[in-house]
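Some notes on the structure that comes next.
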Amino acid sequence: MDPKPSVKPNETRITRFLHVVEWLGNALPHPVSLFALFAAGVVVLSGILGFFDVAVIDPRPEGAKGRADNGLIEVVSLMNAEGLRLIVLNLVRNFVEFAPLGTVLVALLGVGVAERSGWLTAVIRGMVLQAPPSLVTVIIVFAGVLSNTASEMGYVVLVPLAAVVFYSLGRHPLAGLAAAFAGVSGGYSANLLIGTVDPLLSGITTEAARLIDPGYEVDVSANWYFMIASTFLITTVGSFISLKIVEPSLGTYDGTPEGLDDEDEHRLDPLTAQEKKGLWRTLWATLLFAGLLVILVVPEGAILRNQETGAVAGSPFLRGIVAVIFVYFLMVGIVYGSTVGTIRNDRDVINAMAHAMSTLGLYIALVFFAAQFVKFFGWTNLGSITAVTGANFLQSIGMTGPALFFLFILVCAFINLMLGSASAQWAVTAPIFVPMLMLLGYAPEVIQAAYRIGDSSTNIITPMMSYFGLIMAFVARYLPKAGVGTLIAMMLPYSVAFLVLWSIFFFVWTFVIGMPVGPASPTYYTPHIKDRARVRRLVDGVDARAEPFETRRVVIETEPGGEMLAELAFEAYGEIRHAALVLIEFEGEDARGRVNGPVPGKLDARESADRR
């Protein structure tokens, strides 16, 4: 391990802090090793806590799925014969059933074809090179945000291209590089399209949510609305920081670029006639594809609608969005590649898919150990116990309101400084924070959206980000004496602005305006109950009529044999939308009912259930 950095006389506190962060990050083992250690640590810890019979009171109602008869959540030890058998029998199953694995592989099969055909590179070049000089900065940041649909394309193509474009315009090349890097990495979670990171994160969130609710599933499109809106926020903020702070501070560039090769020179070549023809064809193909989706989704009774409710929410379209991503990118890749000559036959398509898969070796190794860690965490009940303990602590200090998310985002941003991989960080923290915040009444979809803000905002100032070294190499072409501190100092204004303004935007969007973060994504957690859709409609209907402090009697039809009357007391108008606060269960034909009280500190409800 490298020695701890010494304090230099002229260093500011911020510089010393960043050096310490860099040292701590370098002290961590490889992410794959980290997950292997975490998995082993869970096994050992479960044995120790199990020996001392550690347990907490289960907050779920009596009769809820997974709730023990004694009402306790107890540590289950894996350091015994039964635990060893469980591990050995499920090691492979844990891996192949890990939710993010299949979705990421399928999505990248399509994206790989689009990338190898040259379509993604042509789109980025077309956007940047055709932009008016006065809008170059805005277009570069915007293109950076969109480029993360295709994983590393933004880092490899757009960042060096932006530096070359600025240099050719007589502006400081590092200003262009910074603008592109801010869009690509700082705005990593914002996009107009669903990218490869969405199935990855939603899969991890689903696994974490199932520690509390075994039937819960987070759609790939869970944060789509918020990410679309965030695209324009990041573009606006990133462009302002570039034009008003970063570029003026860099001054005039008087140096001579080093190490620029033929590839860099060709980055400024205008699109050829054949490339333009290919882009036009993919545009027409995109319009036809969109029209087909409209036919399959929009009309009543359409094939890809929810066949039970007739709604788009919970439909095959949203739940199978990864298949849509795969088909779309495969289609545009083939159309563009066949036009420009990069794809001539089926072998070229297969080779493109194989190349995309060849880049996932490290990811697959990481997923194997991450899957074991998540499963062990669930088997031992350590995740549930940590969540209940943390939720109880937050309730005891009165920190249960939406403002809690500011603290959560800051914690995620800080962890990201030392664990730069989005998937690695979320796989570690999701099993703790998702159940904890669910117990406070917040939906996993909202929790995931908040995490993405913290994760993205500090990507651009941490040397632990996997492409940080590549960006440093691009910087050195124009400023050979530049060090890590140079890049961090240049990107720090973006990081701070993104973190502060994006967090405020999230709070206003979600809790002030009340907009959902994605299609059919709830803001508050509704426990998994029988006939959830009917209870949801009931709750929404009551809320529309409720007045402050008014008590309402509600008739709920149940199984054949009767109906149940339940009195629900609402402390204030609108609180009923916290559906996690009231749980109504139906049991068989006798229509026995139970109304469980709210999460403490949220709503003072009377518990009562009568049979008519």
Side-chain angles (χ1 to χ4, degrees), residues 8 10-19 22 124 128-129 131-145 147 154-187 234-260 264-265 267-268 456-463 465 467-501:
K8 298 178 181 179
N10 297 327
E11 280 188 344
T12 64
R13 290 183 179 180
I14 293 178
T15 303
R16 287 198 297 270
F17 168 73
L18 292 174
H19 284 167
E22 182 181 1
I124 292 173
V128 174
L129 298 180
S134 59
L135 294 178
V136 165
T137 301
V138 176
I139 296 299
I140 284 177
V141 177
F142 181 68
V145 175
S147 71
Y155 298 104
V156 176
V157 176
L158 182 61
V159 172
L161 173 62
V164 173
V165 168
F166 267 54
Y167 179 68
S168 68
L169 294 175
R171 299 166 67 178
H172 202 298
L174 293 190
L177 181 147
F181 189 29
V184 173
S185 197
I234 294 300
T235 300
T236 302
V237 174
S239 301
F240 179 84
I241 296 296
S242 294
L243 294 171
K244 300 299 182 181
I245 298 178
V246 173
E247 190 167 2
S249 68
L250 288 171
T252 304
Y253 180 69
D254 298 321
T256 302
E258 295 183 0
L260 296 185
D264 293 291
E265 293 178 2
R267 292 184 192 277
L268 280 176
S456 297
S457 298
T458 51
N459 270 342
I460 49 182
I461 61 170
T462 173
M465 198 272 295
Y467 289 98
F468 198 87
L470 178 65
I471 304 303
M472 277 301 309
F474 293 147
V475 171
R477 292 179 176 180
Y478 301 93
L479 202 63
K481 295 182 179 180
V484 171
T486 305
L487 181 55
I488 291 176
M490 184 169 64
M491 302 310 299
L492 192 59
Y494 294 101
S495 183
V496 173
F498 287 169
L499 186 60
V500 173
L501 296 178

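Below, all heavy atoms of this structure are taken into account, side chains as well, without hydrogens, waters or symmetry copies.
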Is it true that a side-chain atom of Tyr253 and a backbone atom of Tyr478 form a donor plus acceptor pair closer than 3.5 Å?
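Yes, because the side chain of Tyr253 sits within donor-acceptor range (under 3.5 Å) of the backbone of Tyr478.
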
Is the backbone of Phe181 close enough, under 3.5 Å, to the side chain of Ser185 for a donor and an acceptor to pair up by distance?
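No, the answer is negative, given that no donor and acceptor are paired below the 3.5 Å cut-off.
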
Compare all side-chain heavy atoms of Leu177 with those of Phe166 and state whether any distance is below 4.5 angstrom.
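Leu177 vs Phe166: side chains apart.
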
Nearest heavy-atom pair of Leu250 and Ala175: which atoms, and what distance?
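Taking Leu250 first and Ala175 second, the nearest heavy atoms are CD1-N, 3.5 Å.
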
For Ala180 against Ala162, the heavy-atom pair lying closest together:
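Taking Ala180 first and Ala162 second, the nearest heavy atoms are CB-CB, 3.6 Å.
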
Pairs meeting criterion salt bridge (charged side-chain N to carboxylate O under 4.0 Å, His left out) with involvement of residues 239-248, two or more places apart:
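Salt bridge (charged side-chain N to carboxylate O under 4.0 Å, His left out) check on residues 239-248 returns Arg171-Glu247.
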
Please report the interatomic distance OG1(Thr236) to CZ(Phe142), rounded to the nearest 0.5 Å.
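So the OG1 of Thr236 and the CZ of Phe142 are separated by 10.5 Å.
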
Residue that, paired with Ser239, satisfies side-chain contact (heavy atoms from CB on, under 4.5 Å) out of Ile234, Val136, Val138:
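Single pass found, and it is Val138.
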
Give every donor-acceptor pair under 3.5 Å between a side-chain atom in residues 488-498 and any protein atom, sequence neighbours left out.
from	atom 1	to	atom 2	distance (Å)
Tyr494	OH	Ser242	OG	2.5
Ser495	OG	Ser457	O	2.7

